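Worksheet for the structure shown next.
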Amino acid sequence: MRVALYARYSSDNQSDASIADQLRICRLHAEKQGWLIVEEYTDHAISGASLIRPGIQALIADANRGRFDIVLAEAMDRLSRDQEDIAGVFKRMGYAGVKIITLSEGEVSHLHVGLKGTMNALFLKDLADKTRRGQRGRVELGKSGGGNAYGYDVVKKFDGNGEPVRGDRSINEVQANVVRRIFRDYAAGKSAKRIAVELNKDSIPAPGGGDWGFSTINGNPKRGNGILNNEMYIGKLVWNRQRFIKDPDTGKRQARPNPESEWIIQDVPELRLLDDELWQAVKDRQTATRLNRNDDGKATEHFRDRRRPKYLFSGLTKCACCGGGYSMISADLVGCATARNKGTCDNRKNIRRDQLEARVLNALRYHLMEPALFKEFCDEFTRETNRLRMESRAAITDAESEIKRIDRDLEMLLNLILKGGAADKLNAKMVALEGRQKELQAFLDNADEPPPILHPNMALHYRVQVDELYGALQEDSEAKRMAAADLVRALVDEIILTPGEDRIEIEVRGDLAGILGISAKSKRPAGEAGHSQVEVVAGAGFEPATFRL
């Protein structure tokens, strides 16, 4: 029987030794049962409350490919602690014809999934409740409920029994002066963007150690984050303002606001950095900036709060000077976001959005896949594919031939035993041959077919398909334009914009996976093109080329 091992540990308090220990005892069990271990899957320091884990995802994918017959783990909670997830794993393994066996529960059945899954779900809820109870107890004593804020240091100390005392903080005077400077500048009329630029020019590190951005200063007043909204600076500790719920599809935590009646507010005057007058001046300016008044005196949303529509290549344009993104700086222009928001980049060149899109579309249509160059690429790809195919075929042929020889040798040894030969020696030889035969068979079972050969005429198919997409972008139908835009974006890996003396140079880098998908009219080109994404750059000889405006 072919078996796959799985091991996981969930927190930074544990170590890789936990993984090694789990795998060691699973190997011993597999050896006792005479199972062939074909793969070991691990997840390091990842919670079992979600299936968004590379190890478990690879395990499920390989189970569907038929790589093994059994999954062996220390216990069910190593696979998952979530009741829905463990049921999903059990169902997927059942569909693939794979048994789940653990050292704690034995062969996992529907009964195990129901009872153990419920117990693990209750364990997670109980753990969360205990954690929040401990956090609330510290907050009610005026201590930190977890994490730290800019302007303060965590105080590490121990009680009389040597146990750590958690939640104490002290004022960091250097950072506190930066906080006071930000509040004074904002109250004086400076924008958060200008404040961030000036802090970066003075080489003052941001809370995370990098550069300051306006969002770090502005934050979100409703959620109480950002420098300008932290009530700790006026001696108030606010806890339980929001809760976090894990998205069952992505595994990412999503913030949800709690009603104000559930907030826990404690006075901590020893941590006050600002006086009430300066704090209120900032709050008044935030309100005035956030809201405009129309002729009727009614409040309307500020223009920055309205969501701007994304342009065709939003998120793909990069500044060659700093690596930051290009974004809309007005209704018609795009420019380096880092230069305007942080001031750490000197690139102040901008370009009209419609001109940028026209140039890039032109590159996609006429330069990214020149037929002659693509034929040259296909020839090289074919040569490499044939080489891999020959190597793979030779190894497979050798394995098949050796298996046939082993079959003949085993039959000969069996005949010798029947004729009265030395049974012990002959039996030992047979066991060794059978072991080698199993190794060769496992190799043949897992041998992958080499990738298929690309056709040189694919470049012409690409040209036709992109022309059709270009036409669809001009359609009146919003649905057709959006669908075409998504496909066009799939062709581009990134667009590098380099400022020149009087123009911006554009370098378009194409994603071969998307290009081959358009060329072959296939939804999954990457897996069909050698299982990798290869970068293709617009221009002669597949070298980086620039398009001057």
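If you're wondering where the values come from, they're calculated on a predicted model, not measured in any experiment.
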Any [X] side-chain heavy atom under 4.5 Å of [Y] side chain:
X	Y	answer
R436	I406	yes
T42	L23	yes
V71	I101	no
L103	H29	yes
E507	I495	no
C322	T344	no
V108	M76	yes
Y150	V178	yes

Geometric class of the Y152/Y233 ring pair [parallel <30°, tilted 30-60°, perpendicular >60°]: parallel
Just verifying a value: how many Å separate [X] [atom1] and [Y] [atom2], rounded to the nearest 0.5 Å?
X	Y	atom1	atom2	result
L273	I171	CG	CD1	5.0 Å
L79	I86	CG	CD1	5.0 Å
Q441	E400	CD	CD	9.0 Å
I60	Q57	CD1	CD	5.0 Å
D153	E173	CG	CD	10.0 Å
N341	T216	CG	OG1	10.5 Å

Closest approach of [X] and [Y], non-hydrogen atoms and distance?
X	Y	value
E74	I25	OE2-CD1, 3.9 Å
A63	M93	CB-SD, 3.6 Å
A196	I217	N-CD1, 3.9 Å
C319	C345	SG-SG, 4.0 Å
E105	A75	OE1-CA, 3.7 Å
A337	S327	CB-OG, 3.5 Å

Can a salt bridge be assigned to the pair [X] and [Y] using a cut-off of 4.0 Å between side-chain N and carboxylate O?
X	Y	answer
R2	E39	no
E411	R408	no
K342	D211	no

side-chain contact (heavy atoms from CB on, under 4.5 Å) between F68 and M1, worked out: CA-CA 8 Å; F68 44 80; M1 298 291 283; over 6 Å; no
R169/L237 under side-chain contact (heavy atoms from CB on, under 4.5 Å): CA gap, chis, key distance, verdict: CA-CA 12 Å; R169 283 181 284 200; L237 173 59; 3.7 Å; yes
side-chain contact (heavy atoms from CB on, under 4.5 Å) between T102 and L72, worked out: CA-CA 5 Å; T102 69; L72 180 62; 5.9 Å; no
Hey, is the main chain of [Y] close enough, under 3.5 Å, to the side chain of [X] for a donor-acceptor pair?
X	Y	result
D69	V3	no
W212	I204	yes
Q22	R8	yes

Side chains of [X] and [Y], donor plus acceptor under 3.5 Å:
X	Y	value
Y95	N64	no
Y41	D62	yes
N225	N220	no

R67 atom CZ, neighbour heavy-atom count above 12 within 6.0 Å: yes
Test log, rule side chain to side chain donor-acceptor pair (under 3.5 Å), inputs Y6 and D43: CA-CA 8 Å; Y6 180 78; D43 284 311; 2.5 Å; yes
Sequence-distant partners of Q175, side-chain hydrogen bond (donor to acceptor under 3.5 Å, both in side chains), two or more places apart: none
From CA spacing to verdict: side-chain contact (heavy atoms from CB on, under 4.5 Å), E494, T317: CA-CA 6 Å; E494 59 182 8; T317 47; over 6 Å; no
